[in-house]
Novice: 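Pasting a structure here, questions to come.
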Amino acid sequence: MKSEPDAYSWEQLLADGSTHWDGVRNYQARNLMRDDMKEGDLVLFYHSNCKPPHVAGVAQVCKEGYPDFSAWDVDSNYYDPKTDSEEPTWMMVDIEPVATLSTTVELPDMRANPALEGMALLQRFQRLSVQPVGEEHFAEVCRMGGLDTATI
DNA sequence: GCCAACGTTGGC
DNA sequence: GCCAACGTTGGC
């Protein structure tokens, strides 16, 4: 899951203890959160649009897909007037931190690692803010960050 | 700051 | 229903 650190950072998640992943307004990302993400699923928390972009920590899903109520909150930045609470269009999950990587894993290093070939994040112009990660890629990113997935 | 990709919007 | 215009994302 991607977040711009200025908007919502890993440090903020640590401080909050958990968060609603609200504001996703893309159908593909919505479908992943609604259909595929299950409680306990691990998540790479990625800081985008910063120098360099990097994975900062591992989180997990602590609440499965449910309506993103910010869509019908007129005061929210994510207000979507075309949707209503009767038939919610947008869904979110809640996540909580599991482990901070001892060293952040930077995008250029990920690109340089042949073991991560094919990872969605590394595809050119991959803008999706929620993406699936294969188990082996996940473990490799953790390893690069000094975290042994077996200990999670 | 640039710009490619891609999703969305709206005129026709 | 097509497609041009426009906005957003996000690496570089």
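Every chain is numbered from 1 and lettered A, B, ... according to where its sequence line falls, protein lines coming before strand lines.
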Novice: Decide, yes or no, whether a salt bridge links A:Asp68 with A:Arg25 under the criterion of side-chain N to carboxylate O below 4.0 Å.
Specialist: yes

Novice: Both A:Gln28 and A:Arg124 contact DNA chain B. Taking the nearest nucleotide for each, which residue is further toward the 5' end?
Specialist: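 First, find each residue's nearest nucleotide; the 5'-ward one identifies A:Arg124.
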
Novice: Taking side chain to side chain contact (heavy atoms under 4.5 Å, CB included) as the criterion, tell me which of A:Glu96, A:Met37, A:Lys38 meets it with A:Gln60.
Specialist: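 Result for side chain to side chain contact (heavy atoms under 4.5 Å, CB included) with A:Gln60: A:Glu96.
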
Novice: Students often mix this up, so state it plainly: with edges at 30° and 60°, are the rings of A:His47 and A:Phe45 parallel, tilted or perpendicular?
Specialist: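 Geometry flag for A:Phe45 against A:His47: perpendicular rings.
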
Novice: Does CD in A:Glu11 sit with more than 12 non-hydrogen atoms of other residues, nucleotides or ligands closer than 6.0 Å?
Specialist: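 Enclosed.
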
Novice: With sequence neighbours left out, which residue pairs that include part of residues 87-126 of chain A fulfil the ring-ring contact (aromatic ring centres under 6.0 Å, His included) condition?
Specialist: A:Tyr27-A:Trp90

Novice: Please tabulate, one pair per line, each protein N/O and nucleotide N/O from nucleotides 4-12 of chain C that are separated by under 3.5 Å, including the distance.
Specialist:
from: C:dT8; atom 1: O2; to: A:Arg127; atom 2: NH1; distance (Å): 2.8
from: C:dG10; atom 1: OP1; to: A:Lys2; atom 2: NZ; distance (Å): 3.1
from: C:dG10; atom 1: OP1; to: A:Arg127; atom 2: O; distance (Å): 2.6
from: C:dG11; atom 1: OP1; to: A:Tyr46; atom 2: OH; distance (Å): 2.8
from: C:dG11; atom 1: OP2; to: A:Asn49; atom 2: N; distance (Å): 3.0
from: C:dC12; atom 1: OP1; to: A:Arg111; atom 2: NE; distance (Å): 3.0
from: C:dC12; atom 1: OP1; to: A:Arg111; atom 2: NH2; distance (Å): 3.4

